[in-house]
There are 2 protein chains.
Amino acid sequence: MPTTLGQKIKKLRQDKGYSLDDLARETETSKSYLWELENRDERKPSGEKLTNIAQALGVTTDYLLDEKASPDEAVLREAFFRKYNKLEPDDKEKIKQMIDLWGKK
Amino acid sequence: MPTTLGQKIKKLRQDKGYSLDDLARETETSKSYLWELENRDERKPSGEKLTNIAQALGVTTDYLLDEKASPDEAVLREAFFRKYNKLEPDDKEKIKQMIDLWGKK
DNA sequence: ACTAATTTGTTCTATATAGCGAACAAATAT
DNA sequence: ATATTTGTTCGCTATATAGAACAAATTAGT
C-alpha cells in the first residue's frame, strides 16, 4: 500500500502505463519535477499541480494528500443518498472514485 | 456564490467568525499570507497549506480547488452504497461534506 | 547477438514565487 | 482618548519548478 505522496503518484502512473514524460505533458509540469515528487519525500507541490496530477491519474486531490482526522458521527443514510443522486455527473464520479480508493487502503 | 479560491476562503472564514490571526494559528500559516490568498488571485498555495486550511474550515481541498470535468457514466448504486458503508468514519465524514457542499453550488 | 536509435529515468543549475516576520494602518472595544 | 484587535503592505529567504544535459534501459535493424 503506497503511503507517501510520491509513492502514490508513482504507483498510479505506472499502473496506467505512463512515462514521466507522458504525465508531464498531461499535467503542465516538467518531468524532472515529477521525478522529484515521486522520489524525494520533502517536496510540497502547489494545489494547482496537485489538481492537474490528480485529474490525469483519475483520483481526487484529497486522496493524494491523504489528510488526517476529522470529527465524526452517524450518517443519515437516505438523506445522504438522495443528496448524492442530485449531484452533477462530474461530482458523482469523483465521489465514486474516492470511495473506491479509500475502500482499499 | 464564491468562485475563486480567495473568495471561498474568505467567506468560509468569516462565516465561522474567525479573524485572519485565528485562522493563521489553526493552519500553521502566517496571517499575511492568508490575506494574500484571500485578496490576491494569483497565489498558488501548496497542497500542505491547502490541507490545513480546508480542515480548519471544514471542507475538502477538492472543494477549495474546484476542479474541472472528469469522465462519467452510470453508477451501480447498491454496490456504491455498500462500499461507502465500509469506509472508515473519517473518510465517511469527508464524503458527506463534499456531497453537502457540491449539492449547493 | 550486437549496435544504433529511441525512449525513459536522473542529476544539475538557474529563476520565479511561496510564505514569513515585522512594521504600519484601520477599525473596534474599553 | 487609549488600548486592543483586525487587516494591509513590504522586503527577505527558502523552495517550487523548469530546462537543459547526462545515464540507463529498452526497442529495432541487420
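FYI, side chains are in, hydrogens and waters are out, and symmetry mates aren't considered; it's all heavy atoms of this structure. Here is the naming used below: chain letters follow the sequence lines, and residue numbers restart at 1 for every chain.
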So what does [X] touch, heavy atoms closer than 4.0 Å: a base, only the sugar-phosphate, or nothing?
X     : value
A:S19 : sugar-phosphate
A:R25 : nothing
A:K31 : base
A:E28 : sugar-phosphate

- Item | Counterpart residues, salt bridge (charged side-chain N to carboxylate O under 4.0 Å, His left out), relative to A:D41 (two or more places apart) |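 None.
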- A:K16: salt bridge (charged side-chain N to carboxylate O under 4.0 Å, His left out) partners, not counting sequence neighbours: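 By the salt bridge (charged side-chain N to carboxylate O under 4.0 Å, His left out) rule, A:K16 matches no residue at all.
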- Task: Would you mind reading off the bend of the helix from C:dA1-D:dT30 to C:dT30-D:dA1 from its two end axes, five pairs each, to 10 degrees?
- Result: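 Taking five pairs per end, the axes differ by 40°.
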- First and last nucleotide of DNA chain C in contact with chain A, 5' to 3', at under 4.0 Å to a heavy atom: what are they?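 The contacted stretch runs from C:dT8 to C:dT11.
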Taking side chain as C-beta onward, heavy atoms only, is [X] less than 4.5 Å from [Y]?
X     : Y     : result
B:E38 : B:L20 : yes
A:P45 : A:I53 : no
A:K10 : A:Q14 : yes

- Query: Taking atom P of D:dA25 as reference, at what distance in whole Å does atom CG of A:D21 sit?
  - Reply: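 Taking atom P of D:dA25 as the reference, CG of A:D21 is at 18 Å.
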In a table with atom names and distances, give each donor-acceptor pair under 3.5 Å that connects a side chain of residues 28-35 of chain B to protein atoms at least two apart or in another chain.
unit_1, atom_1, unit_2, atom_2, d
B:S30, OG, B:S32, OG, 3.3
B:S30, OG, B:Y33, N, 3.2

- Message: Contact list please: residues 36-45 of chain B against DNA chain D, heavy atoms, distance less than 4.0 Å, in numerical order.
- Response: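 Of all residues in residues 36-45 of chain B, the ones placing a heavy atom under 4.0 Å from DNA chain D are B:N39, B:R40.
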